[in-house]
Amino acid sequence: MSFLGFILLGLIAGAIAKLILPGRQGGGWIATLVLGVIGALIGGWLGGLVFNVGYDGFFSIQSWIIAIVGAIIVLLIWGAITGRRGARA
């Protein structure tokens, strides 16, 4: 997959992950989309490491599932970090 395709996949996966997760996560849409790209990267890395699967192409369902699950994980971690910081203030 090309670099631009990967970025687009991460952006869309971040938006889908934001819609799937209940409640408010810290940051706006821009932060969510950036976290989606990071999540797609981490999801691809973990998918290859644990399940020996990777990105087949932009229109592969496997690529989308990996990217969305990675984005959800990163958004949950981001929500836990920003949630604790907001609770102290």
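All of these numbers come straight from a predicted model, not from anything done at the bench. Count residues from 1 along the sequence.
- To the nearest 0.5 angstrom, L41 atom CG is 9.5 Å from L46 atom CG.
- When hydrophobic clusters are built by joining Ile, Leu, Val, Met, Phe, Trp and Tyr residues whose side-chain heavy atoms come closer than 4.5 Å, directly or via intermediates, F59 is grouped together with L9.
- In this view, L8 and I12, F58 satisfy the side-chain contact (heavy atoms from CB on, under 4.5 Å) rule, not counting sequence neighbours.
- Between the CG atom of L21 and the CG atom of L75 there is a distance of 5.5 Å, given to the nearest 0.5 Å.
- Scanning both residues, A17 and A71, for their nearest heavy atoms gives CB-CB, 3.8 Å.
- Taken from OG in S60 to CD1 in I66, the straight-line distance is 7.5 Å, to the nearest 0.5 Å.
- Shown here are the side-chain contact (heavy atoms from CB on, under 4.5 Å) partners of L11, two or more places apart in sequence or in another chain: I7, L33, V37.
- Here W78 contributes atom CH2 and I38 contributes atom CD1; the two are 8.5 Å apart, rounded to the nearest 0.5 Å.
- Around atom CG of L19, more than 12 heavy atoms belonging to other residues, nucleotides or ligands sit under 6.0 Å away.
- The hydrophobic cluster containing L49 also contains V74, counting ILVMFWY residues as joined when their side-chain heavy atoms lie under 4.5 angstrom apart, directly or transitively.
- Distance CG/L35 to CD1/I42: 9.0 Å, rounded to 0.5 Å.
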